[in-house]
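Inspection log for the structure reproduced underneath, given as structure tokens.
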Amino acid sequence: MGERRYAVACLPGDGIGPEVIAEARGAADAAAARFGFGLDWTDYDLGADRYLRTGEVLPETVLKELGEVDAILLGAVGRPDVAPGVLERGLLLRLRFELDLYVNLRPVKLYPGVTSVLAGRGPRDVDLEVVRENTEGPYVGAGGVAHQGGPAEVATETSLNTRFGVERCVRFAAARARQRAGRLTLVHKTNVLVHSGDLWWRVGRQVAEEVGVELDYCHVDAACLHLVNDPGRFDVIVTDNLFGDILTDLGAAIAGGLGTAASANLNPAGRHNGSGDSTGASGPSLFEPVHGSAPDIAGSGRANPVAAVLSAGLMLDHLAEHEAAAALEQAVIAVLPGAARYSTKEIGEQVAVAVALQASA
Ligand code: IPM
Ligand code: MN
């Protein structure tokens with residue numbers, strides 16, 4: 001049997017993206033070396049610079065190439081000198097949609113030695129996962145404007161929810177809950193959004209019953225309150241695209257900040273789904289920190305690379321390199337206490353060293 005090798009497309013992007021991705025890559029390479037596989041990285045310069053230089057956001061040829069790799073690791077996109085939405089919609093959301101990355105998996109996990117803004121809460125209190133639907137809702141761009149600039153101007157932004165889209169997302173979340181404490185919480189706003197809310201609720205009930213997990217329901221406003229007051233009540237949250245976007249920033253806040261918040265944009269039916277089942281294989285999944293490009297601290301060495309490192313860990317897990325993924329997380333756990341004193345590069349190096357040290361343990 002030959003060595004296991006994975007083709008990984010690397011999109012460092014803008015702002016702190018390249019800084020944190022360099023460290024994530026070093027840490028992932030260290031884990032790969034330890035566990036006997038190889039990562040073949042190909043860099044793509046997509047982002048603000050290329051857009052401002054050439055007008056290109058995501059050329060078709062590049063999209064096609066990205067569709068053929070094993071995984072994609074992305075830093076962050078967006079910069080103040082590029083109009084809002086150009087890169088976010090044109091690159092990030094386009095990749096999510098085109099590659100059908102219908103699950104956005106975002107662990108909300110407070111690591112030992114990291115201080116939460118929640119007084120008196122520790123790692124045992126904050127350990128949940130948000131499964132955010134990632135290809136529908138108000139993100140699809142359905143809508144438009146009429147009479148722009150005039151007094152009769154109207155703008156619509158329609159939230160699309162298909163049974164197909166809701167069901168595949170809820171199924172993923174239910175399966176995830178089964179592997180954890182078996183508690184699934186649907187978060188929506190069924191008391192106001194009666195059409196989409198009812199669809200989510202009916203699908204949620206049906207899937208939970210089928211899969212055999214306990215289903216709880218929570219309105220999104222109450223979910224915000226509970227996340228702060230009693231985060232331990234949640235195991236796996238499943239929710240729509242926009243609610244999930246908002247909830248996961250709150251989730252990051254209670255778990256010690258955006259510096260450690262990782263995410264996986266998954267096509268669970270894709271070629272590497274961790275189950276060894278590659279039938280119906282489609283494309284790669286994409287891994288990125290929850291944080292943005294943070295132009296205010298770019299170049300200062302103050303960005304925490306841990307969110308990117310943990311995202312690379314989610315990537316290894318998805319590639320079914322479970323031991324390597326676990327080792328990477330353990331290395332992060334070893335380094336995190338006191339990490340605030342160190343630079344982006346120092347933290348990255350410490351994680352890489354910790355991965356290698358575990359090897360001989
Ligand atoms: C995120 C980001 C994106 C989103 C933006 C940059 C389009 O906030 O990944 O959470 O809204 O999904
Ligand atoms: Mn967000």
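Counting starts at 1 for both ligands and their atoms, in listed order.
Ion pairing between a basic and an acidic side chain is recognised when a charged N comes within 4.0 Å of a carboxylate O; Glu323 and Arg34 show no such pairing. Ionic pairing of Asp216 and Arg183 is not present here: no N-O contact between side-chain nitrogen and carboxylate oxygen is shorter than 4.0 angstrom. Salt-bridge formation is detected for the pair Glu329/Lys109: a Lys NZ or Arg NE/NH1/NH2 atom is positioned less than 4.0 Å from an Asp or Glu carboxylate oxygen. Electrostatic pairing of Arg106 and Glu129 does not count as a salt bridge here, judged by no charged N lying under 4.0 Å from a carboxylate O.
With sequence neighbours excluded, the residues that form a side-chain contact (heavy atoms from CB on, under 4.5 Å) with Val86 are Tyr51, Val57, Val82, Ala83.
Residue contacts with ligand 1: Glu88 is placed with no nitrogen or oxygen under 3.5 Å of a nitrogen or oxygen of the ligand (distance criterion only). Residue contacts with ligand 1: Glu288 is placed with no nitrogen or oxygen under 3.5 Å of a nitrogen or oxygen of the ligand (distance criterion only).
From the protein, the heavy atom lying nearest to atom 11 (O) of ligand 1 is Tyr139 OH, 2.6 Å. Given atom 1 (C) of ligand 1, the protein heavy atom at minimum distance is Arg106 NH2, 3.3 Å. For atom 10 (O) of ligand 1, the closest heavy atom belonging to the protein is Asp245 OD1, 2.9 Å.
Put simply, Asp245 gets within reach of the Mn ion (ligand 2), with an N, O or S atom under 2.8 Å from it.
Using 4.0 Å as the threshold, Arg89 has no heavy atom nearer than that to any atom of ligand 1.
Atoms of ligand 1 found under 4.0 Å from any heavy atom of Arg132, numbered from 1 in the order shown, are 1 (C), 4 (C), 10 (O), 11 (O), 12 (O).
For the residue pair Asn241 / Glu136, no side-chain donor-acceptor distance below 3.5 Å is found, with atom types taken as modelled.
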